[in-house]
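Note sheet for the following structure.
In the text below, chain A, chain B and the rest are named by the order of the sequence lines, each starting its count at 1.
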Number of protein chains: 2
Amino acid sequence: MTTAAPAPSTRDLPHPAREEIRLEGVLHALSDPVRLRIVRELAHEGVALSCSHFDLPVTKSTTTHHFRVLRESGVIRQIYEGTAKMNGLRRDDLDDLFPGLLDCVLTAAGRQAGRRLGN
Amino acid sequence: MTTAAPAPSTRDLPHPAREEIRLEGVLHALSDPVRLRIVRELAHEGVALSCSHFDLPVTKSTTTHHFRVLRESGVIRQIYEGTAKMNGLRRDDLDDLFPGLLDCVLTAAGRQAGRRLGN
DNA sequence: GCCTTACTACGATGGCTATCGTACGAGCCG
DNA sequence: CGGCTCGTACGATAGCCATCGTAGTAAGGC
């Protein structure tokens, strides 16, 4: 019965509706290196990941802050799953609002990272 | 003075080279409403425009600041032309570094503006 | 019941930044 | 020359923001 449905209803996190997502907010969220890295990894894995999955060069407090910025700007969706908090990209919403934007940013980020490494 | 300056103008502005343009910097530059508006207008007109061409809801000091941010992040190129300073999008550089990114952002901004007006 | 794991909330802090006003320099034009 | 327009520089200010540490809550395992 509660296998595929959102069972843990104890804590619910506020997310902006699709129409409330603002381009400026998304761009600002993506303009931070730590957050861009998170988004890149989420896109690369393709599935929702727990916060602890990431190995970021900041403390856990700061990590929480970055995930909140991403959620409040509409870039990711956060759902509690037991003790873990799963983070998933809001690909459908973003692609509908800003077609191609996410892919462009991800491609650009990948190219930039590649340029820095071996070029 | 009669300094026999070889340059067309005694004042030359520092621009980042193409390889120095960082994605995070560009996204941050575009995440400000005033700057996004400037970039949209530059893209729409398609030619370099003087600073005074824009009717922005901020003072001239702040306008100068925003243009500098755009220049230092690599989004625009600024050239003195007599008493005016002409601002042009660095389309070629941006399209080469981040293919499609600028167009995606501009399209998204246009759609968002349209949604706010009457839709 | 207790301990561990996962994450949050709160307060502090230093830095960045958007904004302004005022004073100034650089070209044009009467 | 004297002013006029365009844009800059500098200083100030207020707000945001990335970061941290510490203390606390929620869920699950022993």
Side-chain angles (χ1 to χ4, degrees), chain A residues 2 6-15 22 24-39 48-73 75-88, chain B residues 1-5 7-15 22 24-39 42 48-73 75-88:
Chain A
T2 53
S9 55
T10 45
R11 297 180 283 171
D12 240 356
L13 295 163
H15 290 78
R22 306 262 317 143
E24 295 92 324
V26 172
L27 294 177
H28 175 247
L30 297 178
S31 72
D32 183 278
V34 176
R35 292 195 287 262
L36 185 57
R37 180 164 155 182
I38 293 173
V39 171
L49 298 171
S50 73
C51 293
S52 57
H53 173 273
F54 297 85
D55 185 32
L56 301 172
V58 292
T59 64
K60 279 212 284 189
S61 315
T62 308
T63 301
T64 297
H65 160 71
H66 284 309
F67 274 108
R68 173 163 32 182
V69 172
L70 286 171
R71 169 171 50 83
E72 292 180 343
S73 66
V75 176
I76 67 170
R77 196 179 293 280
Q78 295 189 294
I79 304 173
Y80 278 106
E81 219 162 271
T83 147
K85 186 154 84 169
M86 304 308 286
N87 305 276
Chain B
M1 354 177 188
T2 68
T3 37
S9 171
T10 47
R11 300 181 282 172
D12 239 355
L13 295 163
H15 290 78
R22 306 261 317 142
E24 296 92 324
V26 172
L27 293 178
H28 175 247
L30 297 178
S31 72
D32 182 277
V34 176
R35 291 195 289 262
L36 184 57
R37 181 164 155 180
I38 292 173
V39 170
L42 281 176
L49 298 172
S50 72
C51 294
S52 58
H53 172 272
F54 297 85
D55 185 30
L56 300 171
V58 292
T59 65
K60 282 207 290 189
S61 314
T62 309
T63 301
T64 298
H65 160 70
H66 284 308
F67 275 108
R68 172 161 36 180
V69 172
L70 286 171
R71 169 172 50 85
E72 292 180 344
S73 66
V75 177
I76 68 170
R77 196 179 294 280
Q78 294 189 296
I79 305 172
Y80 277 106
E81 219 161 272
T83 150
K85 186 155 82 168
M86 305 307 286
N87 306 274

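Taking 4.5 Å as the limit, some side-chain heavy atom of T63(B) sits within range of a side-chain heavy atom of V58(B). Taking 4.5 Å as the limit, every side-chain heavy atom of P14(B) sits out of range of all side-chain heavy atoms of Q78(B). With a 4.5 Å cut-off on side-chain heavy atoms, L13(A) and Y80(A) count as touching.
In this structure, the CG atom of D12(B) is 15 Å from the C1' atom of dA26(C), given to the nearest Å. When rounded to the nearest whole Å, the span between CZ of R35(B) and C1' of dA18(C) equals 8 Å. Atom-to-atom, CD of E72(A) to C1' of dA18(D) comes out at 15 Å; the value is rounded to the nearest Å. As rounded to whole Å, 13 Å separates atom C1' of dA18(D) from atom CD1 of I38(A). Rounded to whole angstrom, the span from the NE2 atom of H65(B) across to the C1' atom of dC20(C) amounts to 12 Å. For E24(A) and dA18(C), the CD to C1' distance is 15 Å, given to the nearest whole Å. As rounded to whole Å, 16 Å separates atom C1' of dG7(D) from atom CD1 of I79(B). Rounded to an integer number of Å, the gap from F67(B) CZ to dT17(C) P is 18 Å.
Listed candidates were dG7(D), dT19(C), dA18(D). Nearest to the side chain of T64(B) is dG7(D). Here the nucleotide nearest the side chain of D32(B), chosen from dA18(C), dC7(C), dC17(D), is dA18(C). The listed nucleotides are dA18(C), dT19(D), dC7(C); the one nearest the side chain of V34(A) is dT19(D). Candidate nucleotides dT19(C), dC7(C), dA18(C) were compared by shortest atom distance to the side chain of V69(B), and dA18(C) ranks first.
With no hydrogens or angles considered, no side-chain donor-acceptor pair links S61(B) and T64(B) at under 3.5 Å.
Backbone-only contact: S50(A) has heavy atoms under 4.0 Å from sugar-phosphate atoms and none from a base. Residue S61(B) is in base contact, counting any heavy-atom pair closer than 4.0 Å across all strands shown. Among the atoms of the strands shown, only primed sugar atoms or phosphate atoms (P, OP1, OP2) are found under 4.0 Å from some heavy atom of H28(B).
Between H66(A) and dT19(D) there is a side-chain polar atom (N or O) within less than 4.0 angstrom of OP1 or OP2. For the OP1/OP2 pair of dG7(D) and a distance below 4.0 Å, the side-chain nitrogens and oxygens of R68(B) include no atom meeting the criterion.
Taking the nucleotide of DNA chain D with the nearest heavy atom to each of T83(A) and T59(A), the more 5' of the two is matched to T59(A).
Side-chain N or O atoms of R35(A) include none that pairs as donor or acceptor with a backbone N or O of H66(A) at under 3.5 Å.
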